[in-house]
Amino acid sequence: MIAVDRERALGHLMDLLAIEGLSGHEGRVAEAVRRKLVAAGCRERWLRHDRAHRKIGNGFEIGNLILQVPGRGPSKKEPRRLFMGHLDTVPLCRGAVPIRRDGRIVARGDTALGGDNRTAIGALVTLVETLEREQLAHPPITVLMTVGEEIGLLGARHVEVGDLGTPAFGFNVDGGEPAGLVVGAIGADRWEAHVRGRSSHAGVHPEDGISATLIASRAIAGVAALGYFGKVEKGRRTGTSNVGIVRGGEATNQVTDYVWVKGEARSHSKAFLAQITGAYRQAFERAARATKNSSGASGRVEFQANREYQAFRMSARSQPVRLARSAARRLGLEPKLRISNGGLDANNLNAKGVPTVTLGAGQHSPHTVDEYVEIAEYLSGCQLLLEIATAS
């Protein structure tokens, strides 16, 4: 078995952790990755950015970075395999300075580290470098490094499977324990309600107004009364929901004529997810109709909901799961199949017809100032990717 170069693997990770790259601003990270891949022996023509940033808008600098590596040796005619991770980090990582301490990588000062998900990018660079350095036999491989994962899985949502060379299956790196294989994840809706009332002087003629604040309050209270707020359990069906943002009003002496409310719903069941979101829609519409002024006029609401990502559940007998489990066991790791209550880039790849399992590379406590990378796990994750890539 060929081993990855541990010091080079760690060097790649330390380099990448030191480059700021928040969602929408991944350009510097992608350029550093490109330089590393070319130095590793990749041809420039194997590398390209897609147009995901144009579909996303919002000032995104670049699209997803895609590398297509031709197969080599007896395995070159096997189906193409996808390996992926996301380039961006959360705002708490702004200004992070990585340092090594007691077998871990941590951030100096009061920032998050960015191990979520620079561990993936470092591991993917190490994978390609090792394949090229050792001239190892492997099937055709696509490496996908996505943008905008942290703000809605945006890069993976807009990637075209054809731009990836139509891989048969994939492996997403986004987690801690390398052999903790995520084979299913929850689905989510994002919704927003534009609540419109009628303005009037709150001190002189409040009865002439229709309070958008009151409509929104009644709607949220109504959802909670029906058991659709927070943790949602209806028999064997489960999910969650939350109201995250409420904005509106300009003065205390004015009956509020507009409030904007934004929230989410999640469930592993597509049907139950629609039911939770539907409960919010109905509650807002009921509250708007029921809230009237002295003339009998009522409020109104414009409710919009979008499926941000679909739930998925892979069979333990599917090819990527079997490959990952076998590779882990060859390295002396005990694979554990897991289901996630958070969204992953793998949600979108599975929805696009590319069955994709997610594994880890040593990141822990993401999105907090206590974030760290367990170095032994990171190196184990690098080795596991190499084992999967070269397995026939």
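Values below: every heavy atom of this structure, side chains too, minus hydrogens, waters and symmetry copies.
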Do [X] and [Y] have side chains that get closer than 4.5 Å, going by heavy atoms?
X	Y	answer
Leu331	Gln383	yes
Trp260	Val246	no
Thr166	Arg80	no
Leu386	Leu131	yes
Arg104	His364	no
Val183	Ser315	no
Pro178	Ser380	yes
Leu22	Thr89	yes

Is a side-chain donor or acceptor of [X] paired with a backbone partner of [Y] at a separation under 3.5 angstrom?
X	Y	result
Arg190	Gly152	no
Asp88	Glu150	yes
Asn64	Gly155	yes
Glu371	Gly115	yes
Asn253	Ala202	no
Asn293	Ile210	no
Ser340	Ala185	no

- prompt: Under the side chain to side chain donor-acceptor pair (under 3.5 Å) test, which residues partner Asn306, sequence neighbours left out?
  reply: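 Per chain and number, Asn306 pairs via side chain to side chain donor-acceptor pair (under 3.5 Å) with no residue.
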message: Holding to side chain to side chain donor-acceptor pair (under 3.5 Å), I want the full list of residues that pass it with Gln275, two or more places apart in sequence or in another chain.
response: Tyr228, Arg237
Which residues pass the ring pair (Phe, Tyr, Trp, His ring centres under 6.0 Å) test with [X], sequence neighbours left out?
X	answer
Tyr309	none
Phe60	none
Phe303	Trp191

Please say whether more than 12 non-hydrogen atoms of neighbouring residues, nucleotides or ligands are located less than 6.0 Å from [atom1] in [X].
X	atom1	result
Glu207	CD	yes
Arg281	CZ	yes
Arg34	CZ	yes
Asp102	CG	no
Arg329	CZ	yes
His367	NE2	yes
Arg133	CZ	yes
Arg330	CZ	yes

Member of Thr356, Thr146, Asn172 meeting the side-chain hydrogen bond (donor to acceptor under 3.5 Å, both in side chains) criterion with Asp345: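 By the side-chain hydrogen bond (donor to acceptor under 3.5 Å, both in side chains) criterion, Asp345 pairs with just one of Thr356, Thr146, Asn172: Thr146.
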Are a donor atom and an acceptor atom from the side chains of [X] and [Y] found within less than 3.5 Å of each other?
X	Y	answer
Ser199	Gln254	yes
Asp370	Ser365	no
His25	Glu20	no

task: Could you walk me through whether Arg72 and Glu132 pass salt bridge (Lys or Arg N to Asp or Glu O under 4.0 Å), step by step?
output: CA-CA 10 Å; Arg72 182 185 294 117; Glu132 293 303 303; 3.1 Å; yes
task: Determine which pairs satisfy ring-ring contact (aromatic ring centres under 6.0 Å, His included) with at least one residue from residues 89-125, sequence neighbours left out, and list them in order.
output: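 The answer is none; no pair qualifies.
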- prompt: Does anything in residues 68-87 pair up under ring-ring contact (aromatic ring centres under 6.0 Å, His included), and if so which pairs, sequence neighbours excluded?
  reply: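 Found Phe83-Phe171.
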field: Members besides Leu113 in its Ile/Leu/Val/Met/Phe/Trp/Tyr cluster (side-chain heavy atoms under 4.5 Å)
entry: Leu10, Leu13, Met14, Leu17, Ile105, Val373, Ile375, Tyr378, Leu379
task: May I ask you to list the residues sharing a hydrophobic cluster with Leu92, side-chain cutoff 4.5 Å, ordered by chain and number?
output: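 Cluster partners of Leu92: Val90, Val369.
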task: Could you list the residues that satisfy side-chain contact (heavy atoms from CB on, under 4.5 Å) with Arg108, not counting sequence neighbours?
output: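 side-chain contact (heavy atoms from CB on, under 4.5 Å) check on Arg108 returns Val97, Ile99.
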query: Excluding sequence neighbours, so at least two apart, what forms side-chain contact (heavy atoms from CB on, under 4.5 Å) with Thr240?
result: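 Per chain and number, Thr240 pairs via side-chain contact (heavy atoms from CB on, under 4.5 Å) with Arg266.
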field: Salt-bridge criterion met for Glu302 and Arg300 (N-O under 4.0 Å)
entry: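 Salt bridge flag = yes for Arg300 with Glu302.
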Which pair of heavy atoms, one from [X] and one from [Y], lies closest together, and at what distance?
X	Y	value
Ile19	Ala32	CD1-CB, 3.5 Å
Arg289	Ser298	O-CB, 3.5 Å
Ala120	Val173	CB-O, 3.2 Å
Asn348	Ala156	CB-O, 3.6 Å
Gln68	Pro70	O-CD, 3.8 Å
Asp208	Ser294	OD1-OG, 3.3 Å

task: Report the C-alpha distance between His53 and Asn58 in whole Å, list the side-chain angles of each, state the deciding distance to 0.1 Å, and finish with yes or no for side-chain hydrogen bond (donor to acceptor under 3.5 Å, both in side chains).
output: CA-CA 8 Å; His53 60 308; Asn58 298 323; over 6 Å; no
field: salt bridge (charged side-chain N to carboxylate O under 4.0 Å, His left out): pairs with one or both residues in residues 154-174, sequence neighbours excluded
entry: Arg48-Asp163, Lys55-Glu160, Arg157-Glu308
message: Consider side chain to side chain contact (heavy atoms under 4.5 Å, CB included). Of Val321, Val182, Leu337, which one does Met314 pass it with?
response: Val321
task: Could you please spell out the steps behind the salt bridge (Lys or Arg N to Asp or Glu O under 4.0 Å) verdict for Arg307 and Asp189?
output: CA-CA 4 Å; Arg307 182 63 44 87; Asp189 283 350; 2.3 Å; yes
